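Notes to accompany the following structure.
Throughout, protein chains are lettered first and strands after them, A, B, ... in sequence-line order, and every chain is numbered starting at 1. Just so it is clear, the structure is predicted and the values come from calculations on it, not from any experiment.
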2 protein chains.
Amino acid sequence: MYTTIPETKARNLKEIEKPAVSVTVLIFSINKGKLEIVLVKRVRTPFMDFLSIPGDIISIDQDLEDAARKVLSDKTGIHDVYLEQLYTFGDPRRDPRGRVLTVAYFALLPHNSVDLSKAPDALHASFVSVDGLPKLAFDHNQIVDYGVERVKGKIEYSNIAHGLLPEKFRLSELQKIYEIILGKNLDKRNFRKKIAALNLVEPTKEVYREGNHRPATLYKFKSKDLVIYD
Amino acid sequence: MYTTIPETKARNLKEIEKPAVSVTVLIFSINKGKLEIVLVKRVRTPFMDFLSIPGDIISIDQDLEDAARKVLSDKTGIHDVYLEQLYTFGDPRRDPRGRVLTVAYFALLPHNSVDLSKAPDALHASFVSVDGLPKLAFDHNQIVDYGVERVKGKIEYSNIAHGLLPEKFRLSELQKIYEIILGKNLDKRNFRKKIAALNLVEPTKEVYREGNHRPATLYKFKSKDLVIYD
DNA sequence: TGAATAGTGTCTTTCAGACAATATGCC
DNA sequence: GGCATATTGTCTGAAAGACACTATTCA
């Protein structure tokens, strides 16, 4: 008996009972000094009235990432943002209706680029701070926690913060992003030294004026693609 | 129309056509100075006679990690080793027979603990060096590459090397593991300094004697669990 | 000129990397 | 004594962290 890759059972792929597969998309943004995610209030059982992470069942011929991008654009109207696969959650009892695996993704977006009220399918959707979340539907608290940890770990050695900022930004805004995600205050001089050493951003010729004080130089990222550094 | 988590389509979960889901397990070990993985020669179409990564279709009520552990123990006879989810590969065309998602896992084991010839289902299975692999079945080259990168990245800031070593080992063996995975030679003094600073291993009272030279102190890991350090 | 944020440099400590001599056990 | 691997410390350069003052704009 040879049980190699889809072998024994693969002969009757169409006969065996299969799990359903969904994608779940953590849509992160920063607003009012907090890391937030898009959550949707459920209007059906199970977990009626609980908040849940947006997602959808994938269809038989749909690519996973395409499915995740569709969820993202349906909920936010946004297309071109960084999207990364997070983890696949497969506990057989995670959905009381039956077996549903979910492949979780996360996206990062600048808060001012999103207007949920204008998105194609954002009814009952809103940004919620990840601090002190209530009990969510299904195993969604676990998924959020996992996603927050990934973002936290990754911001220290990549340029993913760029997803959370507009095209042009002040260094103080960038620092604030790091502080919120890492959950601690950073020294302004050391932060700027480090950012300069990483060579990820460059100044534009524009400045940002607000209030009765010195204007700030606006910077932009040199690369829009993900950069991982050691 | 509310498309929240498995909502619209979830109403008829049993009617929609679902992808099959498999697990794929990269079983790494180090032998003769090379990083190797267990591969299985396929005896059926598609990809007849190609090498492939061991795996299996999961059944409707089977937990993902349980399925991966079953593949691992069927192929190697080994149960208690570190197993980590790697990534989920979902290209709709990755299997010519139909839609099959695969959730890839990887395991690390000490080579001397495995005797494939005695495993429950190791027919056509063997350890193969990850260097210069031929074209494998399906998208398995991509999966191996992804796994190798993960192991490489992780060895620098965790104790996963411990999975590749026997209970007790020489520091020179540990160093060799690092050199093989990182693909470069390390300075013995600096390596030992770093390992000492990490405080992950401790000397036993045993020594290893071989050949006409000074015996080496045997060490063991303080924790069998995964430890991640910054 | 007062208020508020922008912007900058030095010192110290820590960590990584280059580098070589001595120790021990077996034959 | 010869051989083979084990074991150990110093110096240097780079990066991280502590720390405070000046610059600029606007009201």
Side-chain angles (χ1 to χ4, degrees), chain A residues 32-33 152-159 161 165-166 168-220 227-230, chain B residues 32-33 152-159 161 165-166 168-220 227-230:
Chain A
K32 297 183 207 129
K152 220 179 248 191
K154 209 147 184 174
I155 198 171
E156 296 229 57
Y157 61 95
S158 81
N159 65 346
L165 286 165
K168 292 168 184 167
F169 53 87
R170 291 167 285 158
L171 290 183
S172 58
E173 291 178 289
L174 181 61
Q175 181 176 342
K176 191 74 186 160
I177 299 278
Y178 275 74
E179 290 180 334
I180 291 165
I181 291 177
L182 296 177
K184 63 182 179 189
N185 293 329
L186 301 173
D187 179 85
K188 194 201 298 191
R189 286 159 295 185
N190 293 337
F191 178 78
R192 285 167 185 239
K193 213 188 323 176
K194 184 171 179 170
I195 293 298
L198 291 175
N199 201 28
L200 294 175
V201 301
E202 59 189 2
T204 67
K205 289 179 178 167
E206 297 172 58
V207 295
Y208 176 82
R209 289 170 198 280
E210 181 204 47
N212 53 335
H213 55 80
R214 177 173 179 174
T217 301
L218 288 170
Y219 283 74
K220 62 176 185 176
V227 178
I228 308 275
Y229 39 85
D230 305 297
Chain B
K32 296 183 206 127
K152 222 181 247 190
K154 209 146 184 175
I155 199 171
E156 298 230 55
Y157 62 96
S158 80
N159 65 345
L165 286 166
K168 292 169 187 168
F169 52 87
R170 292 169 285 159
L171 290 181
S172 58
E173 291 178 288
L174 181 61
Q175 180 175 344
K176 191 74 185 160
I177 298 279
Y178 276 74
E179 289 179 334
I180 291 165
I181 290 176
L182 296 176
K184 64 182 178 188
N185 293 330
L186 301 173
D187 179 86
K188 195 198 298 193
R189 287 160 293 184
N190 294 336
F191 178 77
R192 285 167 185 240
K193 214 189 322 176
K194 184 171 180 171
I195 292 298
L198 291 175
N199 200 29
L200 293 174
V201 301
E202 59 189 1
T204 67
K205 289 181 178 168
E206 296 173 58
V207 295
Y208 176 82
R209 290 168 198 278
E210 179 203 50
N212 54 334
H213 56 80
R214 179 175 177 174
T217 302
L218 288 171
Y219 283 76
K220 62 176 183 176
V227 178
I228 308 276
Y229 38 85
D230 304 296

Review point. Roughly how many Å is it from CD1 in B:I195 to C1' in D:dA6, rounded to a whole number?
Key: 16 Å

Review point. Whole-Å distance between D:dG17 P and A:E156 CD?
Key: 9 Å

Practice item. Please check the phosphate of C:dT5 (OP1 and OP2 only) for any side-chain N or O of A:S172 closer than 4.0 Å. Key: no

Point to revise | Crowding at NZ, B:K176 (>12 non-hydrogen neighbours, <6.0 Å) | key: no

Check your understanding: Would you say B:R209 reaches C:dC26's phosphate, i.e. side-chain N/O to OP1/OP2 under 4.0 Å?
Key -> yes

Check your understanding: For B:L186 and D:dT7, what is the distance between atoms CG and P respectively, to the nearest whole Å?
Key -> 17 Å

**Study point:** Whole-Å gap separating C1' (D:dG17) and NZ (A:K184)
**Key:** 11 Å

Review point. Which of the following nucleotides, D:dA6, D:dT25, C:dC27, is nearest to the side chain of B:R170?
Key: D:dA6

Review point. Of the candidate nucleotides D:dA16, C:dT24, D:dA18, which contains the atom at the shortest distance from the side chain of B:R214?
Key: C:dT24

Exercise for review: Would you please confirm or rule out a distance under 4.0 Å between OP1 or OP2 of C:dA6 and any side-chain N or O of A:T217?
Suggested key: no

Check your understanding: To the nearest Å, how far apart are B:E206 CD and D:dA6 C1'?
Key -> 17 Å

Point to revise | Residue closer to the 5' end of DNA chain D, B:H213 versus A:K188 (nearest nucleotide) | key: B:H213

Study note, to complete from the structure: By nearest-nucleotide position on DNA chain D, the 5'-leaning member of B:Y219 and B:N212 is B:N212

Exercise for review: For the pair A:Y229 (side chain) and A:S158 (backbone), establish whether a donor and an acceptor sit closer than 3.5 Å, ignoring hydrogens and angles.
Suggested key: yes

Study note, to complete from the structure: Separation of D:dC26 atom P from A:E210 atom CD, nearest Å, is 13 Å

Review point. Among D:dA4, C:dT8, C:dA6, which nucleotide sits nearest the side chain of A:R189?
Key: C:dT8

Point to revise | Non-hydrogen atoms of B:D187 and B:Q175 that approach each other most closely | key: C-NE2, 4.1 Å

**Study point:** Rounded distance in Å - CZ (B:F169) to C1' (D:dA6)
**Key:** 16 Å

Review point. Is the shortest heavy-atom distance from the side chain of A:K193 to the side chain of A:N190 under 4.5 Å?
Key: yes

Practice item. On DNA chain C, check which nucleotide each of B:K193 and A:L171 is closest to and give me the residue with the more 5' one. Key: A:L171

**Study point:** Side-chain N,O (A:R192) to OP1/OP2 (C:dG7) below 4.0 Å
**Key:** yes

**Study point:** Side-chain heavy-atom pair A:E156, A:L182 within 4.5 angstrom cut-off
**Key:** yes

Review point. A:L218 CG to C:dA6 C1': how many Å, rounded?
Key: 12 Å

